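Here is the structure we will look at.
Residue numbering restarts at 1 for every chain, and letters A, B, ... go by the order of the sequence lines. Given the structure is predicted, the values throughout are model-derived calculations rather than measurements.
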Amino acid sequence: MNKTDEFIPTSLYPAKTKRTISIAFIVVIGFYLVSSITTESFIINFFLKLGNITDLVGRFFPPDWGYVNNVWPKLFETIHMAIIATTIAVIISVPFCLLAAHNITTNKWLYNSMRMILNIIRTIPDIILAVVFVGLFGIGVFSGIIALIIFAVGILVKLMSEIIEAIDMHPSEAIRASGGNTIQTIWYAVVPQILPQFISFSLYVFEINIRASVVLGLVGAGGVGQLINKEINFLNYPAVSTIVLIIFAVVVVIDWISGKLREGLV
Amino acid sequence: MIEFKNLSLVYPNGNEGLKNINIKINEGEFVVIVGLSGAGKSTFIRSVNRLVTPTDGELIVDGEDILTHNGKSLRELRKKVGMIFQSYNLVKRSTVLKNVIAGRLGYTGTFRSIFNMYPKEDMELAYENLKRVNIENKLYSRADELSGGQQQRVSIARVLTQKPKVILADEPVASLDPPTSHQVMKYLKQINQEDNITTIVNLHFIDMAMEYADRIIGMRAGEVVYDGPASEVTEKTFEEIYGRTIREDDIRGGEVNE
């Protein structure tokens with residue numbers, strides 16, 4: 001009895017936990033070192049080559065303001081792409097949202113296969129989608145739009161199916177109990193509960209699409225990205241910085257408007 | 001008329017919800033089912049509109065065995081059997097009127113209901129029923145702006161709008177305070193008498209059961225352990241049904257002052 005009374009813990013954690021943490025720490029450091037040595041990239045290079053960076057950044061300035069008028073048509077093309085892709089993605093995603101929510105799709109087989117398809121779609125980066133569709137449909141806006149639609153459907157369905165799974169199911173029990181069919185139950189008891197979030201997420205996906213469509217242009221999928229790609233190849237850096245500044249301003253304005261609209265909804 | 005013939009229900013997890021029930025409920029009766037939670041009251045009531053499906057026996061509603069119903073015939077049954085829930089089950093973001101008109105969904109085509117194309121008679125019926133429960137001035141309020149008692153009255157109006165032959169009420173006053181509870185029970189009783197709608201209510205408050213019921217059915221562990229007119233029921237009967245002495249929380253109290 002006395003012996004246990006004299007025991008004073010020397011550590012907040014048991015020895016076993018400490019050992020596990022130490023081993024994990026060594027393993028992580030080991031992985032980092034192996035990766036760095038095999039790829040010959042050391043983070044210290046960032047500081048050693050700081051001179052190159054300032055040199056390159058210097059070439060971007062001052063921006064070529066005379067170039068501004070060349071930017072608008074392509075920039076609007078980017079915005080149009082985002083609008084078309086978001087609208088179509090929103091419509092397409094509706095049935096898939098319902099099929100990927102386990103409280104609506106009670107058939108386990110259908111629900112699981114739906115989830116699996118969506119997980120596969122979401123693992124494909126938007127830029128890869130764009131490369132594939134540029135290969136299929138040729139360089140231009142259309143390929144970009146198709147890539148954006150698939151990308152946006154993946155995000156929307158993921159977000160919305162989780163919202164649907166969190167709704168209150170009592171009202172739909174009442175609608176079913178009064179003789180409503182499946183579509184009526186969804187329309188009367190599910191839709192009113194999710195509509196504000198659905199609109200909010202649609203605007204959010206529109207913001208993402210604007211930014212994504214800029215990047216997609218780099219692989220030839222239309223829009224202002226294509227312009228950036230061209231000017232970089234011509235080493236016309238002042239023009240590039242003009243484009244980047246304009247994109248920055250426009251994206252900030254669109255995000256702000258969409259953010260304000262979403263605030264009003266939820 | 002509703003008739004339970006050797007009706008049993010075993011849940012997939014092996015729990016016996018109902019054990020060999022034999023009961024006949026006559027048209028226009030106001031029946032209160034009493035019992036502790038878990039006694040099978042809810043399963044009993046939800047069998048009648050097939051929100052749960054009994055696994056054995058027969059359940060005759062309006063001359064048909066309802067256990068074989070599915071799809072269209074099941075929706076036809078549910079048009080005849082309205083239901084009121086403990087948590088009101090209104091769509092909170094929708095208006096009172098939209099919640100009430102939902103009672104017509106069984107009678108309305110999918111396309112017409114999506115575009116809110118209801119006949120004038122349906123709108124009139126919905127509004128008349130709101131008047132019956134004295135809540136017509138909240139017509140365009142959102143359901144979540146109303147108090148619990150008001151929401152339960154809206155759900156009564158919704159049930160009336162489907163013109164049912166039977167009303168089932170699953171613990172309709174369990175979430176309400178005593179005066180509001182009496183108000184809701186009075187509406188149910190009044191509708192039962194004026195429209196001759198068979199009404200089955202689950203309650204666990206013994207004083208309310210004795211006050212409003214024509215007939216009381218007592219349940220314990222999935223079995224009917226008492227069945228008789230409300231006038232013959234005493235506290236002793238409840239002690240037998242519950243299998244223990246009566247406690248304070250078995251009594252609602254607080255008669256409404258009107």
Side-chain angles (χ1 to χ4, degrees), chain A residues 90-95 97-99 101-111 159-160 162-203 261-266, chain B residues 45-46 48-52 69 71-95 98-116 142-144 151 154-155 158-164 166-170:
Chain A
V90 164
I91 295 166
I92 292 176
S93 67
V94 171
C97 295
L98 295 166
L99 287 171
H102 69 72
N103 51 350
I104 307 291
T105 306
T106 41
N107 182 329
K108 276 231 166 75
W109 186 87
L110 185 59
Y111 165 75
L159 293 172
M160 280 317 296
E162 270 161 23
I163 293 289
I164 294 174
E165 286 179 350
I167 62 166
D168 176 10
M169 289 301 282
H170 285 120
S172 54
E173 185 183 35
I175 303 289
R176 273 194 301 128
S178 64
N181 62 30
T182 309
I183 294 174
Q184 289 173 329
T185 308
I186 291 171
W187 189 258
Y188 273 76
V190 178
V191 170
Q193 294 191 59
I194 61 165
L195 197 58
Q197 279 96 336
F198 187 67
I199 297 171
S200 169
F201 283 141
S202 301
L203 287 168
L261 286 175
R262 289 197 279 133
E263 258 173 44
L265 277 167
V266 184
Chain B
I45 246 184
R46 280 158 193 260
V48 180
N49 66 353
R50 281 280 309 281
L51 282 182
V52 298
H69 282 353
K72 184 94 181 104
S73 59
L74 186 57
R75 290 201 296 277
E76 289 301 318
L77 165 76
R78 286 173 176 172
K79 274 155 69 170
K80 288 187 285 195
V81 183
M83 187 154 186
I84 292 166
F85 301 84
Q86 174 178 349
S87 45
Y88 332 125
N89 293 13
L90 301 179
V91 183
K92 297 193 174 60
R93 297 186 64 96
S94 295
T95 63
K98 187 157 185 195
N99 270 293
V100 174
I101 204 81
R104 296 309 292 169
L105 284 176
Y107 300 84
T108 313
T110 305
F111 180 83
R112 297 181 75 91
S113 59
I114 285 178
F115 292 99
N116 299 327
R142 257 171 58 158
D144 55 7
Q151 289 192 42
V154 172
S155 91
R158 173 172 68 188
V159 144
L160 286 175
T161 306
Q162 76 180 74
K163 289 198 171 162
V166 180
I167 291 179
L168 310 172
D170 193 4

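Heavy atoms closer than 4.5 Å to chain A are found nowhere in B:Arg50, neither backbone nor side chain. Interface remark: B:Ile114 contributes backbone and side-chain atoms alike to the contact with chain A (heavy atom separation under 4.5 Å). With a threshold of 4.5 angstrom between heavy atoms, B:Arg104 does not approach chain A through any atom at all. If you measure heavy-atom distances from B:Val81 to chain A, the contacts under 4.5 Å come from the backbone alone. Only the side chain of B:Ser87 has a heavy atom closer than 4.5 Å to any heavy atom of chain A. Contacts between B:Lys72 and chain A at a heavy-atom distance below 4.5 Å are absent for every atom of the residue.
When each of A:Ala189, A:Ala174, A:Gly180 is checked for heavy-atom pairs under 4.5 Å with chain B, A:Ala174 comes out on top. Comparing B:Ser94, B:Ser113, B:Gly106 by heavy-atom pairs within less than 4.5 Å of chain A, the highest count is held by B:Ser113. Interface remark: of the candidates B:Gln162, B:Glu76, B:Lys79, B:Met83, B:Gln162 forms the most heavy-atom pairs closer than 4.5 Å to chain A. For chain B, the option among A:Ser172, A:Ala177, A:Pro192 with the highest count of heavy-atom pairs below 4.5 Å is A:Ala177.
To the nearest 0.5 angstrom, A:Ile175 atom CD1 is 5.5 Å from B:Arg158 atom CZ.
Residues forming a salt bridge (Lys or Arg N to Asp or Glu O under 4.0 Å) with A:Glu162 (at least two apart in sequence, or on another chain): A:Lys158. Under the side-chain contact (heavy atoms from CB on, under 4.5 Å) criterion, A:Asn103 pairs with A:Ala101, A:Ile164, A:Glu165, A:Ile167, A:Met169, not counting sequence neighbours.
A heavy-atom distance below 4.5 Å is not found between the side chains of A:Gln184 and B:Arg75. The side-chain heavy atoms of A:Leu195 and B:Arg93, taken from C-beta on, include no pair separated by under 4.5 Å. Put simply, the side chain of B:Tyr88 does not reach to within 4.5 Å of the side chain of A:His170, judged on heavy atoms.
Side-chain atoms of A:Tyr188 do not come within 3.5 Å of backbone N or O of B:Val91 as any donor-acceptor pair.
Annotation: A:Leu110, atom CG; neighbour count of heavy atoms from other residues, nucleotides and ligands within 6.0 Å is above 12. Within a 6.0 Å sphere centred on NZ of B:Lys163, heavy atoms belonging to other residues, nucleotides or ligands number 12 at most.
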